[in-house]
Every structure is written in structure tokens, then in C-alpha cells.
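Report on one structure; see the data block that follows.
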Amino acid sequence: MLRRVSTYIRQRGLLEKSHPVLVGVSGGADSVALLDVLTRAGYKCVCAHCNFHLRGEESNRDERFVRELCTWMGVEIEVADFDTLLYARENALSIEMAARDLRYKWFDEMAQKHGCQAIAVAHHQNDQAETLLLNLRRGTGLRGLAGMRPLSPNPLVPESVPIVRPLLCTTRDYIEHYLRDKRGLSWVTDSTNSDTSITRNAIRAQLRTYTKAEIEHMAQTAEYVQGYVDLIEGKKTRESELAKLYESLRTYNFAEIDKIYDALQRGEGGKTFTSKTHKAIIKNRKLCVTTV
């Protein structure tokens, strides 16, 4: 997990070790893993926990858990208490949207207070698959099929500190395996996650019938679509360059275009890739393709 996430951060240019990062931690498995991985990887983390006071004592239990976790890890923590129901009523918002607005506005305030380079949130590949299915149910275009980006503006304060998602390279199953079997860490569970009258929870329950490989393929599809969106918009990103490389090589049946791209970026002269019909060799940072 540490190697996988560190590689993902480096490839996508998400974080530098020279500045702190604000980490949103609810106490659930995903955010506990995110905080643990980032601290182990050498990033200076500031934990940000929101108590929305929507689940009575359970909300307070989550706050106590996160405070104890940060004390044990030696991580600085900021905690916010929100009257979420009042905010939702005053602004004519759903509870979910009210919590989102409060969270991201406050995250920005804390990130600026601590001089953080980014706000790290714990979305992973299962969340990406949920987003795709949710957008498909509503009807969507290319941008909706692109899902969540590893680096994106704060939806509430677009010109301020960006949002990063270092766990988009892994699945929920692997996160739990990492915490339970590799690190011996516990987490808390939000009881409302079992309420399938909430659309996202219903989709999440549906995804439990999918295999790990199917989840990964859906997340990978979103990443591919991101590349084509960037290509259409004239943006030079890792994703758009991968899309261009795929289009130039698709008739040759090469698998793992991302590995070819990364080898090209590293200038690995002599590196060879093969398909059933062709062979590609890197020479002088260029790919030379011949028939087998």
C-alpha cells in the first residue's frame, strides 16, 4: 500500500514533502488508512475532523476515536462542530449537501491556517465506481464519465487550496486488508451507511456484488475518459498523453499502455514491450514498433 500510494502521488504530482497537507479524517477505514500511509510516507500531516452532530452519541464516539488516533500517531488535529440540520434548513439544502458544503469550506480555512499545500481526502476506486454509476443513473456526458480526479479544485473555494485523492489507486477491500492485516489498526463504522434509501448507499450495496477486478476496471475507465476530456480541451496532462499514446498504438494490441508511457518518461532505452503481433523498443526516448 505504501509503495502503491507513493508511486501514484509521484506520477500524478499530487504532493511535495516540503509543505504540510491537511487530511480529512472521519474515523472510517478509508481516512484512517490515508492518514497512516501519508505519515509513513514522510508527509507532515494535519488532521481535520468534522463532527456534524447527526448521529447522536455515535458522532461523538467518532470524534473521540480520531482524537485518540492522532494522539497515538503524534499528528496535530483540528476539530469542527457543526449544526448541520440548521445549516441545511437555512440554506434549503439536503443534509448530504449541507455537510459537504460545511466540510469543504472549513477544510479550506484549516488548510490556509496551517499553510497546507493540499487537502487530502480518502476517495478510492470503489467511490470512483459509485460516482460513475450514480452519474449514469442521472444521465451524463464525458465529464460525468470521467468521475473524480486525483487533483481537483475545492468545489466550494475553487481558487484556493486544491483537493487531492491519493487512494484512487486502490480498492476498499485492499484498504481494509492493509489496516487489519498489515498495520493492526481499527476504525469506526457509520451506521447510516446501511441505509439503502440513500441513493449512494444503495449503489454501494450493489457494488458489493462486484469483484475487485470489476471495480478496478470501472475506476480505470474513468481515468481513461479523463484523458480524452483533457485531450478535447487541449490540456497537456498525464491522462491526455496516455490517451494520445493509446490512440497511436491501439492497432498494435499492446497491453498496459501506462507502463509504456512511464518507461518513455523515464527514458528507459532498450526497454521492450511485446504484443501478439508487434514488438516495441524504446530508443532515444522514442518508441520504435516492428512486427514480431
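It should be emphasised that the depicted structure is a prediction, and the values quoted were computed from it without experimental measurement. Residue numbers run from 1 in the order of the sequence given.
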Under 3.5 Å, side-chain donor or acceptor atoms of residues 68-76 against the rest of the protein: list the pairs with distances, not counting sequence neighbours.
| unit_1 | atom_1 | unit_2 | atom_2 | d |
| --- | --- | --- | --- | --- |
| Thr71 | OG1 | Arg67 | O | 3.0 |

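At least one side-chain heavy atom of Met148 sits under 4.5 Å from a side-chain heavy atom of Arg165. Taking the side chain as every heavy atom from C-beta outward, Val66 and Glu63 never approach each other to under 4.5 Å.
Applying the side chain to side chain donor-acceptor pair (under 3.5 Å) test to residues at least two apart or on different chains, the pairs with a partner in residues 25-36 are Ser26-Ser31, Asp30-His124, Asp30-Arg172, Asp36-Tyr178, Asp36-Arg183. Counting only residues at least two apart or in different chains, salt bridge (Lys or Arg N to Asp or Glu O under 4.0 Å) contacts with residues 43-58 comprise Arg55-Glu58, Arg55-Asp62, Arg55-Asp190, Glu57-Arg64. Residue pairs satisfying the salt bridge (Lys or Arg N to Asp or Glu O under 4.0 Å) criterion with at least one member in residues 192-201, sequence neighbours excluded, are listed as follows: Glu130-Arg200. Residue pairs that meet the salt bridge (Lys or Arg N to Asp or Glu O under 4.0 Å) test with at least one member in residues 218-227, sequence neighbours left out, are Arg12-Glu223. Counting only residues at least two apart or on different chains, no side chain to side chain donor-acceptor pair (under 3.5 Å) pair has a member in residues 89-104. Residue pairs meeting the side chain to side chain donor-acceptor pair (under 3.5 Å) criterion with at least one member in residues 279-292: none, sequence neighbours excluded.
Every residue was checked against the salt bridge (Lys or Arg N to Asp or Glu O under 4.0 Å) condition with Asp258, not counting sequence neighbours, and none meets it. The side-chain contact (heavy atoms from CB on, under 4.5 Å) test applied to Ala129 returns Leu207, Ile215, Met218, not counting sequence neighbours. Residues meeting the ring-ring contact (aromatic ring centres under 6.0 Å, His included) test with His19, sequence neighbours left out: none. For His278, the ring-ring contact (aromatic ring centres under 6.0 Å, His included) criterion is met by Tyr252, not counting sequence neighbours. In this structure, the salt bridge (Lys or Arg N to Asp or Glu O under 4.0 Å) partners of Arg250, at least two apart in sequence or on a different chain, are Glu247.
More than 12 heavy atoms of other residues, nucleotides or ligands shown are found within 6.0 angstrom of CZ on Arg40. Dense packing is recorded around CZ of Arg266, with more than 12 heavy atoms of other residues, nucleotides or ligands lying under 6.0 Å away.
From Tyr228, atom OH reaches atom CG of Leu242 across 10.0 Å, with rounding to the nearest 0.5 Å. The CD1 atom of Ile257 sits 5.5 Å away from the CG atom of Leu245 when rounded to the nearest 0.5 Å. In this structure, Ile95 CD1 and Leu85 CG are separated by 4.5 Å, a value rounded to the nearest 0.5 Å.
Leu34 and Ile163 fall into different hydrophobic clusters, where Ile, Leu, Val, Met, Phe, Trp and Tyr residues are linked whenever their side-chain heavy atoms come under 4.5 Å apart, directly or through other members. Taken together through direct or relayed side-chain contacts under 4.5 Å among Ile, Leu, Val, Met, Phe, Trp and Tyr, Leu54 and Val79 form parts of separate hydrophobic clusters. The hydrophobic cluster containing Leu249 also contains Leu264, counting ILVMFWY residues as joined when their side-chain heavy atoms lie under 4.5 angstrom apart, directly or transitively. Follow the hydrophobic side-chain contacts under 4.5 Å out from Tyr174 and you reach Leu38 in the same cluster.
Remark: side-chain polar atoms of Gln128 are not paired, donor with acceptor, to backbone N or O of Ala222 under 3.5 angstrom.
Salt bridge Lys259/Glu268: absent, no basic N to carboxylate O contact under 4.0 Å. Using a 4.0 Å cut-off between a side-chain N of Lys or Arg and a carboxylate O of Asp or Glu, Glu216 and Lys212 qualify as a salt bridge. A salt bridge is defined here as a Lys NZ or Arg NE, NH1 or NH2 lying under 4.0 Å from an Asp or Glu carboxylate O, and Glu241 with Arg238 fails to meet this definition.
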*asked:* Run the side chain to side chain donor-acceptor pair (under 3.5 Å) test on Asp230 and Gln226 for me, step by step, so that the C-alpha distance in whole Å, both residues' side-chain angles and the decisive distance to 0.1 Å come before the verdict.
replied: CA-CA 6 Å; Asp230 289 349; Gln226 289 169 18; over 6 Å; no

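Ring geometry for Phe52 against Phe82 counts as parallel: the plane angle stays under 30°, on a 0 to 90° scale with 60° as the upper cut.
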